[in-house]
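For reference, the structure is listed below as structure tokens.
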Amino acid sequence: MSVSGLCQICESRPAQERCANCGTLACDVHFEDPKELCVECATQADPSRQSDDVDIHRF
């Protein structure tokens with residue numbers, strides 16, 4: 001599947017994948033390839049996993 005546009009999480013990198021759960025476009029930094037989930041859905045699926053990614057440009 002071809003994905004185009006910016007990552008909907010960081011809004012600065014090109015999106016390369018689409019989350020299998022929510023459909024969010026995500027760059028390689030914000031996508032968990034083995035799970036095929038964006039980092040937000042991966043964190044919800046496993047709350048013990050906290051993201052170290054703090055992107056001040058997101059807000």
Side-chain angles (χ1 to χ4, degrees):
M1 168 175 48
S2 177
V3 175
S4 64
L6 288 177
C7 173
Q8 293 176 307
I9 297 172
C10 68
E11 298 179 350
S12 63
R13 296 179 184 94
Q16 298 173 333
E17 304 287 345
R18 182 179 300 274
C19 178
N21 184 54
C22 69
T24 295
L25 297 177
C27 65
D28 58 346
V29 173
H30 295 105
F31 189 77
E32 301 246 340
D33 198 29
K35 297 178 183 177
E36 296 186 9
L37 299 174
C38 68
V39 292
E40 292 177 352
C41 287
T43 301
Q44 289 176 4
D46 182 6
S48 67
R49 181 196 172 281
Q50 293 296 316
S51 175
D52 294 332
D53 180 37
V54 176
D55 191 345
I56 61 170
H57 301 291
R58 183 172 176 209
F59 301 103

Next on the checklist: How long is the straight-line distance from CD of Gln44 back to CG of Asn21, given to the nearest 0.5 Å?
Outcome noted: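 Reported value, rounded in 0.5 Å steps: 7.5 Å.
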
Item to check | Distance in Å, Cys41 SG paired with Lys35 NZ, rounded so as to fall on 0.5 Å steps | outcome: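 Rounded to the nearest 0.5 Å, the SG-NZ separation comes to 11.0 Å.
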
Kindly give the heavy-atom pair with the smallest separation between [X] and [Y], and that separation in Å.
X     : Y     : result
Gln8  : Gly23 : OE1-O, 4.2 Å
Arg13 : Val29 : NE-CG2, 3.9 Å
Ala15 : Leu25 : CB-CB, 3.7 Å
Cys19 : Cys38 : SG-N, 3.3 Å

Item to check | side chain to side chain contact (heavy atoms under 4.5 Å, CB included) partner of Phe31, the single match among Gln16, Glu17, Arg18 | outcome: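 It is Glu17; the other options fail the test.
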
